[in-house]
Amino acid sequence: MIGKIIEILLKYFGKQGWWPTISENKEEEIAIGAILTQQTSWKNVERCIANLSKANALDLKRIAEMDLKELEEKIRHAGFYRLKAKRLKEFAEYVVKNHKSLRALFRKPLRECREELLSIKGIGKETADSILLYAGNKLIFVVDAYTFRILTRLGIWRERFDYEKIRKFLESKLPKDLEIYKEAHALFVELGKNFCKKRPICKNCPLNGICKKSF
DNA sequence: ACCCAGGTGGCCC
DNA sequence: GGGCCACATGGG
């Protein structure tokens, strides 16, 4: 069932190729983007990424050294910008102080990396797992609000939202493959953005015929 | 004039 | 453990 859905979405939307980056420092750029995109459209995040890139600051070491007010200005478009600037800077300071770089943190096994990321204020499960999967190439599935909504409307998920339960459920249904995890999450987001918002848009949805519209 | 976005943490019960 | 709330810019 899950495999079939991914297949349909892949055919409909095409390969997503996540996570999109513009710099050489892909891992850290992904982590920065993951924090900035919390509850915020990617369009807005792209402007912040461009601002940071222009300042040569798609780099945790640079962000750790940067003046907080300056960082706030650069990421203003992302919304919650004072909170995010503070959290992003604290994250950068933590990584630089304890590991020098994000790449160094990823030398640790998945479990330890995840616990460490989750201990940082401002990094919850979705953000941690996005960083682990897309920046760290660790095999962990990323669940988000769209994932829950889609599974619920398909009639596949009938319980309340529980991040860990949904993650483990999907991991049990998908081949243990990095590229599949990356692509499947991206395709869920793409479907969500176009058809499965809080108010569903069922007209022309590629999952018509499968969707039970049970919400 | 609304509603929503690729969430998270704090506080209350 | 669950239910609310603040956080804030930008697009439909």
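Every chain is numbered from 1, with letters handed out A, B, ... down the list of sequences. All values below were derived from every heavy atom in this structure, side-chain atoms included, with hydrogens, water molecules and symmetry-related copies excluded.
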A.B. asks: Choose from C:dG3, B:dC4, C:dG10 the nucleotide whose nearest atom is closest to any side-chain atom of A:H77.
C.D. replies: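 Selected nucleotide: C:dG10.
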A.B. asks: With a non-hydrogen cut-off below 4.0 angstrom, is A:L36 in contact with a base, only sugar-phosphate, or nothing?
C.D. replies: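 The residue A:L36 makes no contact with any strand.
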A.B. asks: Return the value, rounded to whole Å, for the distance between atom CD of A:E126 and atom P of B:dA5.
C.D. replies: 12 Å
A.B. asks: Using a strict threshold of under 4.0 Å (side-chain N to carboxylate O), is an ion pair present between A:R114 and A:E164?
C.D. replies: yes
A.B. asks: Are the side chains of A:N194 and A:I201 in touch, meaning some heavy atoms are under 4.5 Å apart?
C.D. replies: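 In short, these two side chains do not touch, never coming nearer than 4.5 Å.
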A.B. asks: What is the distance, to the nearest angstrom, from the CD1 atom on A:I123 to the P atom on B:dG9?
C.D. replies: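 From A:I123 CD1 to B:dG9 P: 9 Å.
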A.B. asks: Quick one: which of C:dA8, C:dT9, B:dG6 gets closest to the side chain of A:V189?
C.D. replies: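 Nucleotide nearest to A:V189's side chain: B:dG6.
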A.B. asks: Looking at B:dG7, C:dG3, B:dG9, which one has an atom nearest to any side-chain atom of A:R87?
C.D. replies: B:dG9
A.B. asks: Side chain of A:E159, backbone of A:K165: donor and acceptor closer than 3.5 Å?
C.D. replies: no
A.B. asks: Any base atoms under 4.0 Å from A:Q38, or only sugar-phosphate, or nothing? Heavy atoms, all strands.
C.D. replies: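 It contacts sugar-phosphate atoms only.
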A.B. asks: At under 4.0 Å between heavy atoms, what does A:I35 touch on the DNA or RNA strands: base, sugar-phosphate, or nothing?
C.D. replies: nothing
A.B. asks: Which part of the nucleic acid, if any, lies within reach of A:K193 when heavy atoms closer than 4.0 Å are counted: base, sugar-phosphate only, or nothing?
C.D. replies: base
A.B. asks: Under 4.0 Å, heavy atoms only, any strand: does A:K121 hit a base, just the sugar-phosphate, or nothing?
C.D. replies: sugar-phosphate
A.B. asks: If you check the A:F80 side chain, which of B:dC4, C:dG10, C:dC7 turns out closest?
C.D. replies: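 The nucleotide sitting nearest to the side chain is C:dC7.
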A.B. asks: Between C:dT9, B:dA5, C:dC7, which nucleotide gets closest to the side-chain atoms of A:R76?
C.D. replies: C:dT9
A.B. asks: Tell me whether the side-chain N/O atoms of A:R47 come closer than 4.0 Å to OP1 or OP2 in C:dG11.
C.D. replies: yes
A.B. asks: When the C1' atoms of B:dG6 and C:dG2 are considered, how many whole Å apart are they?
C.D. replies: 24 Å
A.B. asks: Under 4.0 Å, counting only non-hydrogen atoms across every strand here, what does A:F188 touch: a base, just sugar-phosphate, or nothing?
C.D. replies: nothing
A.B. asks: By nearest atom, which of the nucleotides B:dC4, B:dA5, C:dA8 is closest to the A:Y81 side chain?
C.D. replies: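 My answer, after comparing the listed nucleotides, is C:dA8.
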A.B. asks: Starting the side chain at C-beta, find the nucleotide from B:dG6, C:dT9, B:dC4 nearest to A:D144.
C.D. replies: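 The listed nucleotide nearest to A:D144's side chain is B:dG6.
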A.B. asks: For A:G122 and for A:K197, find the nucleotide of DNA chain B with the closest heavy atom, then tell me which residue's nucleotide is more 5'.
C.D. replies: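 The 5'-side residue here is A:K197.
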A.B. asks: Got more than 12 heavy atoms from elsewhere within 6.0 Å of CZ, A:R103?
C.D. replies: no
A.B. asks: Taking A:N208 for its side chain and A:K203 for its backbone only, find out whether a donor-acceptor pair lies under 3.5 Å.
C.D. replies: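 Such a contact is absent between A:N208 side chain and A:K203 backbone.
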A.B. asks: Is it the case that the side chains of A:E116 and A:H99 hold a donor-acceptor pair, with the cut-off being a distance below 3.5 Å and no angle test?
C.D. replies: yes
A.B. asks: Nearest to the A:W19 side chain among C:dG10, B:dG6, C:dA8, which nucleotide is it?
C.D. replies: B:dG6
A.B. asks: Specify the residue among A:Q39 and A:K43 whose closest nucleotide of DNA chain C lies further upstream toward the 5′ end.
C.D. replies: A:Q39
A.B. asks: From C-beta outward on A:Y146, which listed nucleotide comes closest to its side chain: B:dC4, C:dA8, B:dG6?
C.D. replies: B:dG6
A.B. asks: B:dT8 phosphate, OP1 or OP2: any side-chain N/O from A:T127 under 4.0 angstrom?
C.D. replies: yes
